[in-house]
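Quick notes on the structure that follows.
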Amino acid sequence: MSRIITVSELSHKSLAELHALYRQVQLALAQAQPGTEAHRHAVASLDSVSRMIRLRQQAPAPRF
């Protein structure tokens, strides 16, 4: 990965989009060599996406 995905970038994404992005970042992490910048970015991005998924799953459903 060339950059870190931040929580603020993820705030507008749906849960389905977050899960898809999580998978993409997992693949990038698997391809990155440990100790490289790409590896560190993927780890940080995966943490951000995971955190946002947890927040979305804990949020109460909207009431209409």
Side-chain angles (χ1 to χ4, degrees):
M1 294 199 75
S2 60
R3 65 182 189 84
I4 298 172
I5 301 170
T6 64
V7 171
S8 63
E9 292 177 65
L10 302 170
S11 62
H12 69 281
K13 295 199 180 292
S14 69
L15 190 55
E17 290 173 318
L18 291 170
H19 281 289
L21 185 58
Y22 184 88
R23 181 70 179 136
Q24 289 175 343
V25 176
Q26 272 186 322
L27 292 173
L29 179 60
Q31 294 174 351
Q33 292 293 322
T36 63
E37 187 174 326
H39 189 269
R40 288 189 296 275
H41 287 183
V43 169
S45 295
L46 199 59
D47 181 57
S48 296
V49 176
S50 296
R51 188 175 315 139
M52 187 55 72
I53 288 173
R54 280 193 308 275
L55 286 172
R56 288 285 159 74
Q57 290 175 335
Q58 293 173 355
R63 299 179 108 176
F64 297 99

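Everything quoted here is computed from the prediction, not taken from an experiment.
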- Query: Looking at Ala28 and Ala42, what are the two nearest heavy atoms and their distance?
  - Reply: C-CB, 4.5 Å
- What one should report as the nearest heavy-atom pair of Leu10 and Arg56 is O-NH2, 3.9 Å
- Query: Do Leu27 and Tyr22 belong together in a cluster built from hydrophobic side chains that touch within less than 4.5 Å?
  - Reply: no
- Is Gln33 atom CD crowded by more than 12 heavy atoms from other residues, nucleotides or ligands, each under 6.0 Å away? no
- Heavy atoms of other groups near Glu37 CD, more than 12 under 6.0 Å: no
Distance, nearest 0.5 Å, that separates [atom1] of [X] from [atom2] of [Y]:
X     : Y     : atom1 : atom2 : answer
Ile53 : Ser48 : CD1   : OG    : 11.0 Å
Arg54 : Met52 : CZ    : CE    : 10.5 Å
Ile4  : Glu9  : CD1   : CD    : 10.0 Å
His19 : Ser14 : NE2   : OG    : 9.0 Å
Gln26 : Leu46 : CD    : CG    : 6.0 Å
Leu21 : Gln24 : CG    : CD    : 5.5 Å

- Can you name the salt bridge (charged side-chain N to carboxylate O under 4.0 Å, His left out) partners of Glu17, sequence neighbours left out? none
